[in-house]
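Quick notes on the structure that follows.
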Amino acid sequence: MTRFNPYLNFDGKTEEAFNFYKSVFGGESATVIRFKDMPIEDVSLPKGEADKIMHIGLPIGRDQVLMGTELLESLGQKLVMGNNLHISIQPDSKEEAGRLFAALAQGGKIGMPMAGQPWGDDYGDLQDGFGVHWMANYHQEE
């Protein structure tokens with residue numbers, strides 16, 4: 001079964017926001033990856049951006065995770081209302097991830113094609129024909 005989770009984008013306030021959400025919902029962040037922990041090939045980040053959060057996940061409830069990232073202008077990203085929230089889907093198979101991604105992309109605009117990523121998952125993101133931002137991520141369980 002495919003899981004759906006909200007994915008929030010911030011402009012300089014990811015860590016502050018998630019500290020707030022932890023105070024509201026409780027729990028601890030299960031995943032915190034900073035840009036320096038996952039260097040991007042052929043990209044040098046300006047001083048101070050390497051410590052920004054590339055990905056954070058805060059488990060909420062039994063099977064839900066509130067996730068987020070920092071948008072960096074040095075990477076050509078800019079926060080505007082509309083791209084501050086994505087729906088992240090995590091299908092149970094690589095094939096289902098590809099199928100859902102292709103179906104959602106019809107009439108839309110692909111931001112990052114579905115492909116293997118440095119962190120080991122298959123990932124892609126897009127904006128569908130209705131302006132909704134989606135992220136598909138398949139993680140092979142070991």
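In this text, all values refer to a predicted model and were calculated from it rather than measured experimentally.
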Is the distance between the ring centroids of Tyr7 and His55 under 6.0 Å?
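Ring centres of His55 and Tyr7 closer than 6.0 Å.
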Taking side-chain contact (heavy atoms from CB on, under 4.5 Å) as the definition, give me every residue that meets it alongside Leu100, ordered by chain and number, with sequence neighbours left out.
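So Leu100 forms a side-chain contact (heavy atoms from CB on, under 4.5 Å) with Thr2, Ile89, Pro91, Glu96.
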Could you work out, with salt bridge (Lys or Arg N to Asp or Glu O under 4.0 Å) as the rule, every residue matching [X], not counting sequence neighbours?
{"X": "Asp125", "value": "none"}
{"X": "Lys109", "value": "none"}
{"X": "Glu16", "value": "Lys13"}

By side chain to side chain donor-acceptor pair (under 3.5 Å), which residues pair with [X], not counting sequence neighbours?
{"X": "Asn137", "result": "Asp121"}
{"X": "Glu73", "result": "none"}
{"X": "Ser93", "result": "none"}
{"X": "Glu15", "result": "Arg34"}

For His139 and Tyr123, run ring-ring contact (aromatic ring centres under 6.0 Å, His included): C-alpha distance rounded to whole Å, both residues' side-chain angles, the deciding distance at 0.1 Å, then the answer.
CA-CA 9 Å; His139 176 73; Tyr123 170 86; over 10 Å; no
For residues 44-51, please give each side-chain donor-acceptor pair under 3.5 Å, one per line with the distance, not counting sequence neighbours.
unit_1	atom_1	unit_2	atom_2	d
Glu49	OE1	Ser74	OG	2.4
Asp51	OD1	Lys36	NZ	2.7

Determine which pairs satisfy ring-ring contact (aromatic ring centres under 6.0 Å, His included) with at least one residue from residues 62-85, sequence neighbours left out, and list them in order.
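Pairs touching residues 62-85 that pass the test: none.
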What residue pairs, at least two apart or across chains, pass ring-ring contact (aromatic ring centres under 6.0 Å, His included) with a residue in residues 66-103?
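Qualifying pairs, neighbours excluded: His86-His133.
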Between Leu58 and Gly27, what is the shortest heavy-atom contact and its length?
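Scanning both residues completely, I find the closest heavy atoms to be CD1-C, 4.2 Å.
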Test: salt bridge (Lys or Arg N to Asp or Glu O under 4.0 Å). Region: residues 129-140. Which pairs qualify, not counting sequence neighbours?
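For residues 129-140: none.
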